[in-house]
Amino acid sequence: MRNGLKWVGRALLALALALVVVGTWKRKDISRLMTVNSLFEADKIVGNFSGMDTAFLNVPVPRGPGPMSELPTGPDAVLPDTVATWRDERDVTSLLVVHKGQVVFEDYYLGTTATDRRISWSVAKSYLSALFGIIVQDGAIASLDDLVTDYVPSLKGSAYDRATVRNVLQMSSGVTFDEDYLAYNSDINKMGRLLALGGSMDGYAIDLKETFQAPGVAWKYVSIDTHVLGMVIRGATGRSVPELLSEKILSKLGMEQDAYYLTDGDGVAFVLGGLNITTRDYARFGLMIKQNGFWNGQQIVPADWVAESTAPSAKTEPDDEFKYGYQWWIPRQADAGVFMGRGIYGQYVYIDQQRDVVIVTTAADRNFREDGVSGQNVEIFRQIAASLEN
């Protein structure tokens, strides 16, 4: 009996040691998973959104060696009275307004600062759209009507088998993908956990097999489409998105700090929402796009691509709150030249070309999905832009 207990004790000790070894080996994966599961908690969300690099795999996107471009300061704007209430209700962490090339309002809230590199979430999609236009101009992608499998053969047999590049740019792939951020087992949240555990984003896209409609029939926002655009860029050029984004766009903006992308375990950038940049550097990008791709004396993004990508070309429904282009949002009933990059939890780069206004907001709005919130945000931006004309 005593010998039996001794063997049981030894077995338990060996199991405990094995668990310690596995725990140590997987400590970073477990830590990242724990961060994902608490990423949006009320007492952590603001800090998490300013420090994604402390918890996730990431890769720098260098600003390049050039000098920093100035953001001139203009007369302080008196914003509408509604802004203060909106800011508090929506847990805004930064608000920057540029009018006629001058910063007329800039402030930071909830303990954030101008040096914080804030997570873009889906504003990153609009950055990828701008890069895509350059790749098309360079000739690496022959036509938007090419099949995505022409550039990514590994997607043959997947749900993307018949989708064109244009279908995917317009979020009209027809691929079945659950974008419900509040459902634990939705595709978007499974993807977040995969990212935390160092899995393969490419593998996730390749494994998707179901479609709910033929490509190009109708619009439905599915973030995995943007990852596939990244796969197309990599397949067409043989280069990574961070390398290309740095070389083709960010290095020419005169940014204040390097950006960084979150990555999966293969080092592939989380292009659909993992870009992290300061508020002022988001503004530099917005200003360049407002000026039809022109900045600091050079044409960075082709002007015709800016016009094409921000036009409401996707087949949205008449009762949809927004229209859609190539990874850009267009408010319904907006004036010509009004469009925006838009991310969950309240991230925006809002552009009004006619009024010569760029508005950048970052936020930690846990109620961003409530009815009317998106419309309220756009209405505030419209009020700010209109007030600057007085």
Side-chain angles (χ1 to χ4, degrees), residues 35 38-52 54 71 73-99 102-124 126 181-182 256 273 275-283 285-286 321-322 329 331-332 334 338-352 355 357-390:
T35 299
S38 63
L39 192 63
F40 310 116
E41 291 181 2
D43 60 338
K44 297 179 180 179
I45 185 171
V46 172
N48 285 340
F49 282 14
S50 285
M52 301 293 280
T54 63
L71 285 179
T73 301
D76 290 341
V78 178
L79 302 186
D81 293 340
T82 51
V83 172
T85 301
W86 163 80
R87 179 196 70 207
D88 294 340
E89 288 178 348
R90 303 272 64 88
D91 290 318
V92 171
T93 50
S94 71
L95 173 60
L96 190 151
V97 180
V98 185
H99 184 222
Q102 296 181 315
V103 177
V104 295
F105 186 90
E106 180 181 8
D107 210 350
Y108 299 85
Y109 312 99
L110 301 180
T112 63
T113 71
T115 60
D116 287 3
R117 291 181 292 180
R118 298 284 298 176
I119 181 73
S120 64
W121 297 120
S122 289
V123 172
S126 299
Y181 300 96
L182 303 182
E256 296 181 10
L275 194 58
N276 293 257
I277 302 181
T278 68
T279 297
R280 292 174 65 84
D281 286 335
Y282 283 124
F285 174 76
E321 190 172 10
F322 298 94
W329 296 89
R332 191 162 293 282
V338 173
F339 50 88
M340 59 193 183
R342 174 178 172 232
I344 56 172
Y345 295 91
Q347 327 312 316
Y348 288 87
V349 176
Y350 177 90
I351 296 168
D352 185 333
R355 291 188 170 94
V357 171
V358 172
I359 300 171
V360 178
T361 66
T362 62
D365 182 7
R366 298 171 73 241
N367 298 313
F368 75 100
R369 290 293 299 274
E370 290 184 355
D371 289 344
V373 168
S374 294
Q376 179 197 27
N377 292 337
V378 172
E379 178 57 28
I380 288 292
F381 303 151
R382 285 171 171 161
Q383 290 178 17
I384 292 172
S387 73
L388 299 173
E389 294 181 317
N390 299 331

Are Tyr282 and Ile277 side-chain neighbours, meaning at least one heavy-atom pair lies under 4.5 Å? yes
Quick check: closest heavy atoms across Asn367 and Val373, and the distance to 0.1 Å? O-CG2, 3.5 Å
dist Arg90:CZ -> Asp365:CG (nearest 0.5 Å) comes out at 4.0 Å
Rounded at 0.5 Å granularity, tell me how far CG in Leu182 sits from CZ in Arg369. 5.5 Å
Taking Thr85 for the side chain and Thr82 for the main chain, is one N or O donor matched with an acceptor at less than 3.5 Å? no
Is it true that the side chains of Arg118 and Ser94 contain a donor and an acceptor less than 3.5 Å apart? no
Under the criterion side chain to side chain contact (heavy atoms under 4.5 Å, CB included), I'd like the reasoning laid out for Leu71 against Val98: C-alpha separation, chi angles, the key distance, then a yes or no. CA-CA 9 Å; Leu71 285 179; Val98 185; 5.5 Å; no
Please verify the inter-ring angle class for Tyr181 with Phe368; under 30° counts as parallel, over 60° as perpendicular, anything in between as tilted. perpendicular
What's the shortest heavy-atom distance between Ile384 and Ser387, and which atoms? O-OG, 2.7 Å
So which heavy atom on Tyr109 is nearest to which on Val92, and how close? CB-O, 3.3 Å
Per the side chain to side chain contact (heavy atoms under 4.5 Å, CB included) rule, which among Val338, Val97, Val358 passes with Tyr350? Val338
Side-chain H-bond candidate by donor/acceptor type, Ser374 with Asn377, under 3.5 Å: no
Measure from the side-chain N and O atoms of Asn48 to the backbone N and O of Leu39, and report whether any donor-acceptor pair falls under 3.5 Å. yes
Taking Ser120 for its side chain and Leu275 for its backbone only, find out whether a donor-acceptor pair lies under 3.5 Å. yes
Locate the shortest heavy-atom distance separating Gly341 from Ser126; write the atom from each residue and the value. CA-OG, 3.4 Å
Per the side chain to side chain donor-acceptor pair (under 3.5 Å) rule, which among Asp116, Thr93, Thr278 passes with Thr362? Thr93
Within a reach of under 6.0 Å around CG of Asp371, are more than 12 heavy atoms found that belong to other residues, nucleotides or ligands? no
Output the distance between atom CZ (Phe322) and atom CE (Met340), rounded to the nearest 0.5 Å. 4.0 Å
With no hydrogens and no angle check, is any side-chain donor or acceptor of Gln347 less than 3.5 Å from a backbone partner on Ala363? yes
Ignoring hydrogens, what is the shortest heavy-atom contact between Arg366 and Glu41? Give both atom names and the distance. NE-C, 4.0 Å
Does Ser50 use its side chain to pair, donor to acceptor, with the backbone of Gly47 at less than 3.5 Å? no
Within the distance-only criterion (no hydrogens, no angle test), does the side chain of Glu321 pair as donor or acceptor with the backbone N or O of Gly375 below 3.5 angstrom? yes
Gln102 side chain near Pro75 side chain, heavy-atom distance below 4.5 Å: yes
Could you tell me whether the side chain of Ile380 reaches within less than 4.5 Å of the side chain of Thr361, counting heavy atoms only? no
Please report the interatomic distance OH(Tyr348) to CG(Leu95), rounded to the nearest 0.5 Å. 13.0 Å
Pair Phe49, Thr112 - check side chain to side chain contact (heavy atoms under 4.5 Å, CB included), show working. CA-CA 10 Å; Phe49 282 14; Thr112 63; over 6 Å; no
Roughly how far apart are His99 NE2 and Glu389 CD, rounded to 0.5 Å? 7.0 Å
Determine the interplanar angle of the Phe40 and Trp121 rings, folded into 0 to 90°, and report it as parallel if under 30°, tilted if 30 to 60°, perpendicular if over 60°. tilted
How many angstroms lie between atom CD of Gln383 and atom CD of Gln376, to the nearest 0.5 angstrom? 9.5 Å
Could you check whether any side-chain heavy atom of Arg280 comes within less than 4.5 Å of a side-chain heavy atom of Leu96, counting everything from C-beta outward? yes
